[in-house]
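Below is one structure, written out as structure tokens, with a few remarks after it.
In each ligand, atom 1 is the first atom listed, and ligand 1 is the first ligand listed. When reading the values below, keep in mind they use all heavy atoms of this one structure, side chains included, and skip hydrogens, waters and symmetry mates. Position 1 is the first residue of the sequence, and the numbers go up from there. Keep in mind the model is a prediction, meaning the values are calculated, not measured.
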Amino acid sequence: MSVRETVIAGGSNDDPRDRQPRANDVRNPDTLDEKLRPQKLSEVVGQRATAERLAIALAASKKRGEPMPHILFDGPPGLGKTTFATVLHNELGVDLNMTSGPALDKKMNVMPYLTNASEGSILFIDEIHRLPSTVEEFIYPVMEDFRVDVVLGEGMSARTVNIPLKKFTIIGATTRSGMLSGPLRDRFHMHEHLEFYEVADLAKIIAVNAAKLRTTITEEAAWELARRSRGTPRLANARLRWVRDFATARADGQINLNIANDALAMQDIDVDGMDRQDRRYLETLINVFRGGPTGSEALAATMSIDVDTIKDEVEPYLLRKQLVVLTPRGRKATYLAYRHLGLAEPQTEPDLELFDQRRLFD
Ligand code: ADP
């Protein structure tokens, strides 16, 4: 069964910044990433609780001959939201259409996806938190009763026509579940939150993918790459690819611990897997904002990067590792952040009132 990944209807208001590669390469999967993507549920590594719940829903749907329930996946980029949607489509042998919230900026852009959906197929909507509210409301009856309500005519002569649709499944993916409206969230029957991966799971993914890429890697090198992949399979794949290139260019193509260490050092990935952008974030928070608390907008402006990059790519892992905490007044560096940068921790709370704002613009 086919996968359609293009926008059926044109006219998207997609922000061009979203199409530029970002430093962490987390939001921009490429063809190699596609090649390494698990195709069956049994190939999925980690996320055991989610995988088991999906296996139950899958078995029930197959037995009853009904579409899967609507599913919402949330979690930082690169953790497997698209992978799970692809796996379900393969396991069910149904069509998969892929689109994203920014592409569905008008009702007329959503219509083709709804009317073309085949019985039991999957419609995957990435970045579903970016659907405009008018489009959101338009798909409520789709999710509840498999129908769309179209208003024909205007004023006194306006009437609503109900168009019945085939029964299909909507899979939504979001990096910001908090931005989803309550009514939209409630219309998903399953909510699956994806967590950062354990090192052991990433080491397994790296070993499997090295074999797919016909590269040999020692166990200790695979573990080292795993430890330095920020809990994210997409980054593990990117690190593996770089180390593989490095091994080919500088040695005989085999990846061992020394090669892995040298290759990661050349990319400025430190012993904890943090990259230049992570360290810049911590340095800005500590040196410019005296460790915080400060808002994400101020941090983004000072670093000259998009605030979405900070919220989606940089902060989730730093929060998870407790280098940063969120307080009611904003982000604050913890002693772990100071330690990570090799800095002495301040003894007293920084006094923001006395803080010289001019340093922001140094
Ligand atoms: P998201 O949609 O959450 O941004 P993806 O599903 O595109 O992330 O995952 C990125 C890549 O990471 C996939 O192409 C795949 O190679 C790998 N990956 C993600 N989750 C898993 C997993 N559970 N097991 C093995 N590989 C995975």
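Residue-level proximity to ligand 1 for L194 is absent, since no heavy atom of it falls below 4.0 angstrom. With a 4.0 Å cut-off on non-hydrogen atoms, I205 touches ligand 1 through its side chain and not its backbone. Both the backbone and the side chain of P233 come within contact range of ligand 1, each with a heavy atom under 4.0 Å.
Between H70 and F188, the ring-plane angle classifies as perpendicular under the 30° and 60° cut-offs.
Not close to ligand 1: G46, with no non-hydrogen atom less than 4.0 angstrom away.
Close N/O approach between E43 and ligand 1 is not found [any backbone or side-chain N/O within under 3.5 Å]. Looking at G80 next to ligand 1, an N or O pair under 3.5 Å apart turns up. Any N or O atom pair closer than 3.5 Å counts here, and N209 shares no such pair with ligand 1.
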For this session: Test side chain to side chain contact (heavy atoms under 4.5 Å, CB included) on N97 and F124 and set out the steps.
Result: CA-CA 6 Å; N97 282 311; F124 178 74; over 6 Å; no
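Contact between L79 and P233 at its shortest, heavy atoms only, is CD2-CD, 3.9 Å.
Salt bridge present: R187 and E144 bring a charged side-chain N and a carboxylate O closer than 4.0 Å.
Set against the non-hydrogen atoms of V45, the atoms of ligand 1 under 4.0 Å away are 22 (C), 23 (N), 24 (N). Less than 4.0 angstrom separates some heavy atom of L36 from each of these atoms of ligand 1: 16 (O). Less than 4.0 angstrom separates some heavy atom of P77 from each of these atoms of ligand 1: 4 (O).
At least one test fails for R230 against the ring of F196: distance under 6.0 Å to the centre or angle within 45° of the axis.
Taking T218 as the reference, E220, A221, N256 meet the side-chain contact (heavy atoms from CB on, under 4.5 Å) condition, with sequence neighbours excluded.
Side-chain N/O atoms of R228 and N261 include a donor and acceptor closer than 3.5 Å.
Within a 6.0 Å sphere centred on CD of E154, other residues, nucleotides and ligands contribute 12 heavy atoms or fewer.
In this comparison of F124, F84, Y197, F73, the heavy atom closest to atom 20 (N) of ligand 1 sits on Y197.
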